[in-house]
Amino acid sequence: MGNRILIVDDAAFMRMMIKDILTKNGFEVVAEAADGSQAVEKYKELKPDLVTMDITMPEMDGITALKEIKKIDGSAKIIMCSAMGQQAMVIDAIQAGAKDFIVKPFQADRVIEAIQKTLA
């Protein structure tokens, strides 16, 4: 089962929260990125099984990064992370190829459910 995950969020504490949830549930976090351009580079380099991608970030936002990663790998599995009230952006992300989305603040069971469903 693929379980190598790249975490992308501009907030270090959000990356830490997701990493904590994932490692406690047996997933391997292969890398973290603080913005979309780092995410694209790390994706090329590491080819993770799944990416958790924040939507709003400096440099390159999550939706742009999602589209870039999808150009590199059409079968990339990406779950978007959004704050409440970003429904329009979530819809854009799903249309651009995101597999699912999780809402901040993260609930561990919802994060794991989304990841297991996406990797299945």
Side-chain angles (χ1 to χ4, degrees):
M1 176 178 137
N3 61 1
R4 296 168 63 256
I5 300 176
L6 167 62
I7 298 173
V8 186
D9 199 307
D10 56 328
F13 75 97
M14 283 296 178
R15 293 198 305 270
M16 199 174 70
M17 280 174 63
I18 294 190
K19 186 175 186 173
D20 191 48
I21 292 169
L22 297 178
T23 49
K24 281 183 179 156
N25 285 276
F27 294 98
E28 180 193 352
V29 175
V30 289
E32 297 178 24
D35 64 53
S37 47
Q38 278 183 17
V40 174
E41 287 310 307
K42 296 235 193 263
Y43 191 89
K44 282 186 210 164
E45 183 190 327
L46 300 163
K47 296 276 190 283
D49 299 307
L50 185 129
V51 180
T52 65
M53 179 86 69
D54 186 22
I55 292 181
T56 9
M57 294 182 290
E59 302 295 320
M60 182 192 288
D61 67 60
I63 293 175
T64 308
L66 163 76
K67 290 174 180 166
E68 290 298 312
I69 290 172
K70 283 297 213 180
K71 279 184 208 162
I72 301 163
D73 178 0
S75 64
K77 295 182 163 88
I78 302 171
I79 295 177
M80 303 308 284
C81 305
S82 72
M84 283 297 196
Q86 291 182 320
Q87 279 84 351
M89 288 168 135
V90 167
I91 290 165
D92 287 350
I94 300 285
Q95 286 169 340
K99 300 285 184 198
D100 203 345
F101 67 94
I102 43 184
V103 178
K104 297 174 180 177
F106 301 117
Q107 294 171 309
D109 53 353
R110 174 68 189 113
V111 172
I112 298 306
E113 176 199 332
I115 288 174
Q116 287 173 336
K117 190 174 85 182
T118 303
L119 288 172

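Heavy atoms only: backbone and side chains are in, while hydrogens, waters and symmetry mates are out.
Closest non-hydrogen pair, A114 versus I102, comes out as CB-CG2, 3.8 Å. Counting all heavy atoms, side chain and backbone alike, I55 lies closest to M89 at CG2-SD, 3.7 Å. Across A93 and L66, no two heavy atoms sit closer than the pair O-CD2, 3.2 Å. Shortest non-hydrogen contact noted between M57 and A34 is SD-O, 4.0 Å. Of all the heavy atoms in S37 and D35, the pair that sits closest is OG-OD1, 2.8 Å. Taking every heavy atom of both residues into account, A39 and A33 meet most closely at N-CB, 3.6 Å.
Note that OH of Y43 and CD1 of I72 are 8.0 Å apart. Values are rounded to the nearest 0.5 Å. For the atom pair CD1 (I21) and CD (Q107), the distance works out to 9.5 Å, reported to the nearest 0.5 Å. Between the CG atom in L119 and the CZ atom in F27 there is a gap of 6.0 Å [rounded to 0.5 Å]. Interatomic distance, I91 CD1 to I94 CD1, rounded to the nearest 0.5 Å: 9.0 Å. To the nearest 0.5 Å, atom NZ of residue K99 and atom CD1 of residue I79 are 10.5 Å apart. Atom CD1 of I78 is separated from atom CG of L6 by 9.0 Å, given to the nearest 0.5 angstrom.
Taking D61 as the reference, T64 meet the side chain to side chain donor-acceptor pair (under 3.5 Å) condition, with sequence neighbours excluded. The salt bridge (charged side-chain N to carboxylate O under 4.0 Å, His left out) search around D100 returns R110, K117, not counting sequence neighbours. A search for salt bridge (charged side-chain N to carboxylate O under 4.0 Å, His left out) contacts involving E45 returns nothing, not counting sequence neighbours. Under the rule for a side chain to side chain donor-acceptor pair (under 3.5 Å), T23 has no partner lying at least two apart in sequence or in another chain. For K44, the salt bridge (charged side-chain N to carboxylate O under 4.0 Å, His left out) test picks out E41, with sequence neighbours left out. By the salt bridge (charged side-chain N to carboxylate O under 4.0 Å, His left out) test, K70 pairs with no residue at all, sequence neighbours left out. With sequence neighbours left out, the side chain to side chain donor-acceptor pair (under 3.5 Å) criterion links D10 to no other residue. Considering only residues two or more places apart in sequence or on other chains, Q38 meets the side chain to side chain donor-acceptor pair (under 3.5 Å) condition with none of them. Every side chain to side chain contact (heavy atoms under 4.5 Å, CB included) that M17 has, sequence neighbours left out, goes to F13, M14, F106.
Residue L46 is found in a hydrophobic cluster whose other members, listed by chain and number, are V30; membership requires side-chain heavy atoms under 4.5 Å apart, directly or through intermediates.
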- Message: Working note: Q116 + N25, criterion side-chain contact (heavy atoms from CB on, under 4.5 Å); need CA distance, chi angles, decisive distance, verdict.
- Response: CA-CA 11 Å; Q116 287 173 336; N25 285 276; over 6 Å; no

- N3 and I115: side-chain contact (heavy atoms from CB on, under 4.5 Å), yes or no, with the steps? CA-CA 9 Å; N3 61 1; I115 288 174; over 6 Å; no

- Take K42 and V8, measure what side-chain contact (heavy atoms from CB on, under 4.5 Å) needs, and give me the verdict at the end. CA-CA 10 Å; K42 296 235 193 263; V8 186; over 6 Å; no

- Message: Please evaluate residues S82 and V103 with respect to the criterion side-chain contact (heavy atoms from CB on, under 4.5 Å), reporting the C-alpha separation (whole Å), side-chain torsions for both, the decisive distance (0.1 Å), and the verdict.
- Response: CA-CA 5 Å; S82 72; V103 178; 4.3 Å; yes

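Between V90 and M80 the shortest side-chain heavy-atom distance does not fall below 4.5 Å. L22 places a side-chain heavy atom less than 4.5 Å from the side chain of I112.
Applying the salt bridge (Lys or Arg N to Asp or Glu O under 4.0 Å) test to pairs two or more places apart or on separate chains, those with a residue in residues 11-23 are R15-E32, K19-E32, D20-K24. For the salt bridge (Lys or Arg N to Asp or Glu O under 4.0 Å) condition, the pairs that include at least one residue of residues 50-59, sequence neighbours left out, are D54-K104.
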